[in-house]
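Written below as structure tokens is the structure these notes are about.
Just so you know, residue 1 is the first one in the sequence shown, and it goes up from there.
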Amino acid sequence: MNERASGILMPVSSLPGPYGIGCFSQQARAFVDWLVQAGQTFWQILPLGPTSYGDSPYQSFSTFAGNPYFVDLQTLVQEGLLDAGACREADFGSDPGAVDYGRLYQSRLPLLRQAFRRWQALGGPSETGYRAFLTRNAPWLEDYALFMALKARQGGAAWDSWPQSLRMRQPEALAAARAELAGEMDFHRFVQYQFEAQWQALKAYANGKGVRIIGDIPIYVAFDSADTWAHPELFQLDGDRRPTGVAGVPPDGFSATGQLWGNPLYDWQAHRAAGYRWWIDRMAASYQRYDVVRIDHFRGFDEYYRVPAGAPDASSGAWQKGPGKELFDALQAALGRRPVIAEDLGYLTDSVRQLVADCGFPGMKVLEFAFDSRDSSSARDYLPHNYPANCVVYTGTHDNETVAGWYRSILPEERAAVCRYLHRDAGAVEPLHWDFVCTAMASVGRWCIIPLQDYLGLDNRARINHPSTLGENWRWRVDGAALTSELAGRIRAVTETYGRLPAGQAGTKGGPKA
């Protein structure tokens with residue numbers, strides 16, 4: 001897609017609904033209808049993988065699997081697999097505006113197990129669609145189902161603390177585990193089947209309304225994941241399958257010691273020797289799930305920051321050469337040219353810029369970054385009058401403050417610079433979120449994605465993530481009553497003003513009612 005277009009960033013988890021977290025529900029379809037009413041082309045979401053400790057969608061138990069929390073319970077009720085009363089009685093937390101992951105863990109999985117047992121009793125395992133699903137996804141599903149079953153048996157412990165025979169994947173131990181844990185593996189297969197069926201139905205609904213899904217994938221996988229456990233040869237692990245180096249980013253103006261992410265690093269020589277098969281499979285699966293793929297931390301393909309395993313922080317790391325364009329040539333040869341958004345934020349070298357240009361992918365521009373007085377040279381790249389056409393423009397991302405919260409938190413001189421750029425009175429105290437939206441939408445950037453919180457003018461209580469912190473992230477949920485026809489109409493008017501309405505809709509009065 002080369003035409004000007006726009007969309008809204010809204011995590012699935014942030015959707016409204018009665019069961020503790022946003023999911024593939026009727027409320028999700030209503031949100032799609034609202035996007036159409038607002039004249040939007042894209043719905044950008046966060047990764048859909050099963051979240052692990054810390055609740056981050058960027059640290060998942062599997063690159064390929066889906067999050068069980070997103071399976072809609074009401075759909076299971078309608079299919080006769082759950083009792084509505086059991087769903088009503090479950091405790092998902094008391095605050096409809098925030099996800100309570102602890103309560104979800106205690107309440108959702110038992111309900112999914114109830115649905116699984118009824119599905120078995122009704123002959124579900126013999127369904128043609130289910131058998132086809134197992135065959136189609138066997139390359140990752142069998143390892144994932146066994147990994148999750150073993151993790152439960154080991155009290156949730158990370159796989160590097162499992163018994164040696166299981167940690168090292170000795171064939172006899174794996175065969176015995178598959179026989180012993182067959183029922184538990186069947187449960188995880190069932191959950192993934194339901195996830196995929198419900199997600200594909202929701203995606204088809206969105207696509208049928210003209211809304212395309214922008215998915216998000218992390219560059220790295222979690223160490224405690226089925227991916228690392230099942231394919232240790234693809235990562236920088238020693239003979240005992242412990243990391244020799246881990247991912248992070250170096251010290252900068254935001255962090256004196258850098259950020260120590262801790263993810264295992266790829267052994268790119270091993271990937272190259274295998275013809276990048278794992279990455280081809282990963283991207284093929286992503287394009288089954290999404291229309292456009294945003295790849296997080298794209299600069300890691302040019303150079304990645306390697307921190308020695310066991311280091312207390314990221315300050316002792318060093319840059320290492322990544323696969324570069326060779327990887328993307330292999331992906332294009334296998335899959336054809338597919339739409340990618342390169343998350344190229346932060347400090348960029350000339351070689352990173354060249355890689356993004358050589359691949360032809362649009363990079364990202366975040367308007368909040370344009371007024372950072374700590375790094376004025378880099379900030380210039382984020383001023384709209386310096387944008388290239390081949391970019392995707394954001395007011396902020398899930399990692400940023402909301403515009404309203406950011407404007408209140410920045411330095412006085414930065415606020416003055418914002419007012420000058422927006423032609424507002426110096427020292428204006430109102431959040432100016434609509435000014436930011438209009439400035440982003442007016443830019444030459446081909447696509448423009450606005451977080452829903454910035455259309456609503458919400459403060460930092462609605463922030464999705466504060467990097468390098470734990471406990472209060474990934475929790476925000478929207479109040480469904482805020483998604484009004486009036487707001488959709490205002491968004492649509494701005495979208496039309498700046499030439500971003502979907503083809504054939506210019507000049508129309510509204511759209512389908514949410």
Side-chain angles (χ1 to χ4, degrees), residues 10-35 43-51 57 60-84 86-87 90 92 99 104 107-120 122 124-125 127-137 140-141 144-145 148 186-209 211-217 285-291 477 480:
M10 171 67 168
V12 170
S13 60
S14 297
L15 289 165
Y19 300 129
I21 191 170
C23 58
F24 306 148
S25 60
Q26 185 54 45
Q27 287 83 2
R29 286 168 173 76
F31 182 69
V32 169
D33 292 343
W34 187 82
L35 289 174
W43 177 11
Q44 181 171 329
I45 59 176
L46 298 185
L48 294 178
T51 49
S60 176
F61 288 134
S62 170
T63 290
F64 294 88
N67 193 334
Y69 294 156
F70 294 157
V71 174
D72 178 40
L73 301 182
Q74 189 59 41
T75 298
L76 299 181
V77 170
Q78 293 168 355
E79 293 176 353
L81 301 181
L82 267 182
D83 293 324
C87 297
F92 300 110
V99 179
L104 276 182
S107 61
R108 273 232 172 206
L109 293 180
L111 288 170
L112 291 175
R113 290 184 185 279
Q114 289 181 33
F116 167 62
R117 289 191 292 270
R118 186 170 296 182
W119 176 79
Q120 283 184 310
L122 293 173
E127 293 174 2
T128 301
Y130 177 67
R131 308 312 303 178
F133 169 80
L134 295 184
T135 301
R136 189 169 60 249
N137 294 282
W140 66 265
L141 181 59
Y144 170 75
M148 295 303 291
D186 282 341
F187 168 68
H188 290 289
R189 294 184 186 104
F190 162 79
V191 171
Q192 291 305 307
Y193 175 56
Q194 292 294 332
F195 174 96
E196 195 62 26
Q198 290 190 13
W199 169 249
Q200 290 299 334
L202 176 58
K203 180 178 180 293
Y205 183 85
N207 289 169
K209 298 276 188 173
V211 174
R212 304 181 74 205
I213 305 295
I214 300 176
D216 193 338
I217 65 170
S286 296
Y287 284 111
Q288 288 291 318
R289 194 165 280 176
Y290 314 120
D291 299 301
R477 299 182 70 195

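Using cut-offs of 30° and 60° for the angle between ring planes, the Phe190 and Phe116 rings count as tilted. Between Phe92 and Tyr19, the two ring planes are perpendicular [angle over 60°; tilted spans 30° to 60°]. In this structure, Phe133 and Tyr193 have tilted ring planes: the angle between them lies in the 30° to 60° band.
Applying the side-chain contact (heavy atoms from CB on, under 4.5 Å) criterion to Arg477, with sequence neighbours excluded, gives Val99.
Just one of Trp140, Phe187, Phe64 meets the side-chain contact (heavy atoms from CB on, under 4.5 Å) condition when paired with Gln192; it is Trp140.
Considering only heavy atoms from C-beta on, Leu48 comes within 4.5 Å of Phe70 through its side chain. No side-chain heavy atom of Gln194 sits less than 4.5 Å from a side-chain heavy atom of Pro68. Side-chain contact between Leu76 and Gln198 is present, with heavy atoms from C-beta onward closer than 4.5 Å. The shortest distance between side-chain heavy atoms of Leu82 and Arg118 does not fall below 4.5 Å. Using a 4.5 Å heavy-atom threshold, the side chains of Leu122 and Leu81 count as touching.
Interatomic distance, NZ of Lys203 versus CZ of Arg212, reported as 8.5 Å (0.5 Å rounding). Atom CG of Leu109 and atom OH of Tyr69 lie 5.5 Å apart (nearest 0.5 Å). The line from CG of Leu46 to CD1 of Ile214 is 12.0 Å long, rounded to the nearest 0.5 Å. Atom-to-atom distance recorded for Asp291:CG and Asn207:CG is 4.5 Å, nearest 0.5 angstrom.
Residues Cys23 and Leu15 approach most closely at O-CD1, 3.7 Å, considering heavy atoms. Annotation for Val77 and Cys87: closest pair CG2-SG, 4.0 Å, computed over non-hydrogen atoms. For the pair Ser25 and Asp72, the tightest heavy-atom approach, listed with the atom from each and the gap, is CB-OD1, 3.5 Å. Scanning all heavy atoms of the two residues, the minimum distance from Pro47 to Asp216 falls at CG-O, 3.3 Å.
Side-chain atoms of Trp43 come within 3.5 Å of backbone atoms of Met10 as a donor-acceptor pair (strictly under, hydrogens ignored). Side-chain atoms of Arg108 come within 3.5 Å of backbone atoms of Val71 as a donor-acceptor pair (strictly under, hydrogens ignored).
Within a 6.0 Å sphere centred on CD of Gln288, heavy atoms belonging to other residues, nucleotides or ligands number 12 at most.
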